[in-house]
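Structure first, then comments.
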Amino acid sequence: MVVLDNLITGSAANLEGLPVDFRRHDVSRPVKVEGEVGAVLHLASPASPVDFPAYPIQIVKVGTLGTHNMLGLALAKGARFLLASTSEVYGDPLVHPQPEVYWGNVNPIGPRGCYDEAKRCAEAFTMAYHRAHGLDTRIVRIFNTYGPRMRLDDGRVLPNFMTQALRGEPMTVYGDGGQTRSLTYVDDLVRGILAVLDFDDSLPFNLGSQDEVTMLELAELVRRLTGSSSEIELRPLPVDDPRQRRPDTARAEQLLGWRPQVTLADGLGRTLEYFRRAL
Ligand code: UDP
């Protein structure tokens, strides 16, 4: 297996011990891979909201030019193509929970626009290659996913709460903490991605859990789990922060028989072990 990553937010250490041919490369630039290729999985992009102001141009490029390059590679090789899309295509959703047929409520020019619109364009690119070239394509819309090997300074909610609780620092809850997310453990997500790859259907599949919690509830959960005495500190809500998010996963359940198996308590426990070791 060939892995391409320019490592602007990733870490080569996460590949240690895996039988992969790693090449440091930015897929927003032309991609050459020799030999046969059975499947191209386009997973590349910074995805934490703290990355959006840091790498806005790279994010737009990898979702657009990067997607074009990876689609071109799949077409040239006669390979199947899978796009990692996101629940961000729904923006700050006005429909709850979000089914795949919902078109979303996205601000194209706000701070999240670089990511949301690049992923929406990536979906459009993928469907265009499917329709124009008959390319065998898949799209997964990934909801908030967590687990071991996240960056300690990733900036997303789980790494923040875990590192803050373990260090006894204040836990930073944005806004009033009433906004919700549905957290999916990484192993469940990977199983879902592989199931979509194996199933002949080019329309998007939501992949995410039904474990919808408010950020205040999540902070309390992490605090209890870690036995921390950290205080909870309210901070300003970031611009365009979605108010609620939970996937309608009927499609994945009915067609793939996929549903998450790892409970939030179990997944948080496994993730905590990692953060304890890493800190
Ligand atoms: N959040 C928070 N404290 C933090 C980091 C994030 O309360 O230290 C909130 C954030 O405002 C959002 C939710 O947690 O409502 C999830 O944020 P994250 O950055 O993990 O990803 P998002 O789902 O917004 O892309």
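Atoms within a ligand are numbered from 1 in the order they appear, just like the ligands themselves.
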Going by the order shown, which atoms of ligand 1 are within less than 4.0 Å of some heavy atom of [X]?
X: N160; answer: 4 (C), 5 (C), 8 (O)
X: M215; answer: 9 (C), 13 (C), 14 (O)
X: V173; answer: 7 (O)

Of the protein's non-hydrogen atoms, which lies at the shortest distance from [atom], and what is that distance?
atom: atom 16 (C) of ligand 1; value: R181 NE, 3.6 Å
atom: atom 5 (C) of ligand 1; value: Y174 CE1, 3.3 Å
atom: atom 11 (O) of ligand 1; value: D241 OD2, 2.6 Å
atom: atom 21 (O) of ligand 1; value: N144 ND2, 3.6 Å
atom: atom 3 (N) of ligand 1; value: T172 O, 2.6 Å
atom: atom 22 (P) of ligand 1; value: R112 NH2, 3.4 Å

Discussion item. Less than 6.0 angstrom from the centroid, inside 45 degrees of the normal: does R251 satisfy that with respect to the ring of F205?
Written reply: yes
Worksheet entry | Plane angle bin for Y146 and Y185 - parallel if under 30°, tilted between 30 and 60°, otherwise perpendicular | perpendicular
Worksheet item: Does E88 have a heavy atom less than 4.0 Å from any atom of ligand 1?
Response: yes
Practice prompt. Decide if atom CD1 of I57 counts as having more than 12 heavy atoms of other residues, nucleotides or ligands within a radius under 6.0 Å.
Written response: no
Discussion item. Does atom CG (D200) have a neighbourhood of more than 12 heavy atoms from anything else shown, all under 6.0 Å?
Written reply: no
Discussion item. Using a 4.0 Å heavy-atom cut-off, which part of V50 comes near ligand 1: side chain, backbone, both, or neither?
Written reply: neither
Worksheet, complete the sentence: Going by the 4.0 angstrom heavy-atom rule, the piece of V157 near ligand 1 is both
Worksheet item: Can we say D116 and R120 salt-bridge, meaning some charged N sits less than 4.0 Å from an Asp/Glu carboxylate O?
Response: no
Worksheet item: Do R138 and D136 meet the salt-bridge criterion of a basic N to acidic O distance under 4.0 Å?
Response: yes
Discussion item. Can a donor-acceptor pair be found, under 3.5 Å and without considering hydrogens, that links the side chain of S230 to the backbone of P170?
Written reply: no
Worksheet item: Looking only at N/O atoms, are Q164 and ligand 1 under 3.5 Å apart anywhere?
Response: no
Discussion item. For the residue pair E233 / T172, report whether a side-chain donor-acceptor contact shorter than 3.5 Å exists.
Written reply: no
Discussion item. Run F81 and Y129 through ring-ring contact (aromatic ring centres under 6.0 Å, His included) and show every step you take.
Written reply: CA-CA 10 Å; F81 175 85; Y129 265 66; 8.2 Å; no
